[in-house]
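Here is the structure we will look at, set down as structure tokens.
Since the model is a prediction, treat every value here as computed from it, not as a measurement. Start at 1 and go down the list; that is how both ligands and their atoms are numbered.
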Amino acid sequence: MITLGIEGTAHTLGAGIVDSECNVLANELDMFRPPSGGLHPREAANHHADVAADVMSRALDAAGLGPEDIDLVSFSMGPGLGPCLRVAATAARAFACMRNLPIIGVNHCIAHIEIGRALTGCRDPALLYASGGNTQVIAFAEGRYRIFGETQDIGIGNMLDKLGRDLGLGFYAGPTIEKLAKEGTEYHELPYSVKGMDVAFSGMITAAVALHNKGVPLEDIAFSVQETAFAMLTEVTERAMAHIGKKEVLLGGGVAQNSRLRDMVEDMAHARGAEMFVPDRQFCRDNGAMIAWLGAEMHNSGVRMTVPETLVRQRFRTDEVEVGWR
Ligand code: ATP
Ligand code: FE2
């Protein structure tokens with residue numbers, strides 16, 4: 001069975017194609033980069049509408065397939081930005097209706113876990129899901145994926161991007177901050193905000209901008225921000241692993257592309273006799289292949305949806321989904 005998955009929760013419109021063994025046959029995407037300032041949902045949605053058909057045909061071409069070879073269509077039903085979600089859903093419905101195919105709307109956060117499980121071989125991990133909009137520690141317990149810890153304000157990626165904007169580093173600042181941090185030498189203290197298994201980041205932006213105004217070099221600011229924020233994430237991940245007794249930790253989300261975060265989580269895992277897993281970078285960020293794979297798993301476990309049941313859900317919680325496929 002061949003599944004086409006369409007991702008469109010935020011700035012990325014992705015189309016991926018997988019077979020029933022999670023061989024990824026294609027994983028194409030087009031990311032919206034706002035001309036200035038932050039991400040405006042309506043503008044991102046217009047971008048997605050402009051590129052969706054092209055990204056989908058690029059995926060078919062890359063897989064060497066035609067529309068007639070697709071057996072199932074899935075798409076990211078939420079959580080995410082309403083206008084963006086509706087574009088991905090519309091593209092998926094149009095393709096499914098045109099070819100009279102089954103359609104399944106999937107939870108984007110769970111897709112990050114399932115692609116990681118399928119591609120890295122871990123079995124029952126705690127997932128540290130660190131992206132722009134989301135920062136959560138998720139694990140499987142009693143038939144559902146449950147959130148054990150999360151950010152109380154903004155996602156870590158949004159924190160990095162907002163800080164990047166305030167420091168004049170441009171949008172999508174994560175990679176730039178990572179590069180700068182490698183040159184940083186002096187650590188400056190920043191708010192370390194951990195409450196139980198939750199974290200908060202907004203105070204860090206104010207404090208980092210204050211360092212900048214005092215003339216602290218960007219490299220040292222980037223270094224201090226990474227050390228502090230990633231230590232917070234590592235701490236809550238470790239606490240969740242201890243609490244629920246998981247011996248594996250999986251990284252997902254765009255910020256999981258960061259080598260320093262990977263190293264810190266890996267050190268923590270080894271120190272407690274656990275193992276860390278992280279999929280290839282293209283499967284950490286938002287992508288269509290993970291949506292396709294979760295759709296395939298759900299369909300295989302008997303899930304069916306009618307088109308009216310595919311309404312998007314901006315606040316779709318991870319623990320609302322009954323997991324029948326594991
Ligand atoms: P979601 O919809 O799941 O919240 P998203 O729309 O934020 O995801 P992703 O591609 O998962 O999309 O993540 C993008 C975020 O990852 C951005 O905030 C970006 O700055 C950050 N990022 C990308 N590369 C790196 C890196 N090397 N280091 C740190 N952050 C990074
Ligand atoms: Fe994501």
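- Among protein residues, Thr9, Ala10, His11, His108, His112, Tyr129, Ser131, Gly132, Gly133, Asn134, Gly157, Leu160, Asp161, Tyr172, Ala173, Gly174, Pro175, Glu178, Gly253, Gly254, Val255, Gln257, Asn258, Arg285, Asp286 come within 4.0 Å of ligand 1, judged on heavy atoms.
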*Please report the C-alpha distance between His112 and Tyr129 in whole Å, then the side-chain angles of each, then the deciding distance to 0.1 Å, and finally whether the ring pair (Phe, Tyr, Trp, His ring centres under 6.0 Å) criterion is met.*
CA-CA 8 Å; His112 277 287; Tyr129 171 29; 4.4 Å; yes
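- Within the protein, the number of N, O or S atoms lying under 2.8 Å from the Fe ion (ligand 2) is 4.
- Other residues, nucleotides and ligands contribute at most 12 non-hydrogen atoms within 6.0 Å of the CD atom of Glu189.
- Salt-bridge formation is detected for the pair Arg239/Glu235: a Lys NZ or Arg NE/NH1/NH2 atom is positioned less than 4.0 Å from an Asp or Glu carboxylate oxygen.
- Other residues, nucleotides and ligands contribute more than 12 heavy atoms inside 6.0 Å of the CZ atom of Arg304.
- A salt bridge does not link Arg317 with Glu320: none of the charged nitrogens is closer than 4.0 Å to a carboxylate oxygen.
- The neighbour count for Arg123 CZ, taken as heavy atoms of other residues, nucleotides or ligands under 6.0 Å away, does not exceed 12.
- The pair Glu275-Lys247 does not count as a salt bridge, with every side-chain nitrogen at least 4.0 angstrom from each carboxylate oxygen.
- Relative to the ring axis of Phe140, Arg326 places its NZ or CZ within 45° and under 6.0 Å from the centre.
- Using a 3.5 Å distance cut-off with no hydrogens or angles, the side chains of Asn258 and Gln226 do pair a donor with an acceptor.
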